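Read through the structure below, which is laid out as structure tokens, and then see the notes.
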Amino acid sequence: MNINVDSLNNGFSRQVEFETCITLPESDSYDEQVLVSCNGTITNSHGKYTFDGQVAAKVVFYCSSCLEKFEEELSFPMIEVFSKETLEDDEMWAFSGKNNISLEEPIKTNILLNLPMKAICSKNCKGLCHICGHNLNLSDCGCERDYIDPRFEKFLHLFNNKEV
Ligand SMILES: [Zn+2]
Ligand SMILES: [Zn+2]
């Protein structure tokens, strides 16, 4: 995914478009292998190379409620600046190799920033039965899930009478 910008003169832009597979840090909530497509332009402004474009990442999540896999495409704009010189500010990315910039690390960072706090397969996800562990999206298991522990029952009226 290295992009050679050696021939990109000051003030000029070039179009970049590619698809690649990126490996995210390990997690229980998504699959680390993510298919990414990226397109945009790279512009050279006095040795600062700005990528400005759009990233789409197909992430396979594990629903935090029912644990099933589902795929969701995250799509977001990305603007990142690369500098050949020694970096005086950490808003910029270093070159990888003499004349190459690599979008891999910036894309990774941006995907992580755009991940949902909690992955849920659908807003109607019924989750798992907390008694038998059955996936309630598939069918009902017949467990009595609305059973209330009698030790807590006497407190219920406290919540019912008081609007929170
Ligand atoms: Zn779910
Ligand atoms: Zn059950």
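Every number for a ligand or one of its atoms is a count from 1 in the order of the listing. Note that the structure is a prediction, hence the values are computed from the model and not measured.
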For Gln33 and Thr23, which I'm curious about, is there any donor-acceptor pair between the side chains at under 3.5 Å? yes
Please name all residues satisfying side chain to side chain donor-acceptor pair (under 3.5 Å) with Glu32, sequence neighbours left out, ordered by chain then number. none
Metal check, the Zn ion (ligand 2) vs His130 N/O/S, cut-off below 2.8 Å: no
Geometry at the Zn ion (ligand 2) - Cys132 SG versus Cys143 SG angle, rounded to 10 degrees: 110°
Taking 2.8 Å as the cut-off, does Cys141 contribute an N, O or S atom near the Zn ion (ligand 2), distance below it? yes
Is it the case that Glu105 and Trp93 place a side-chain donor and acceptor less than 3.5 Å from each other? no
Can you count the protein N, O or S atoms that lie less than 2.8 Å from the Zn ion (ligand 1)? 4
Side chains of Asn99 and Lys84: donor-acceptor distance under 3.5 Å anywhere? yes
Are Ser29 and Ser27 linked by a side-chain donor-acceptor pair shorter than 3.5 Å? yes
Out of curiosity, Asn44 CG to Phe82 CZ, how far, rounded to the nearest 0.5 Å? 13.0 Å
With a 3.5 Å cut-off and no angle check, do the side chains of Asp52 and Thr43 form a donor-acceptor pair? no
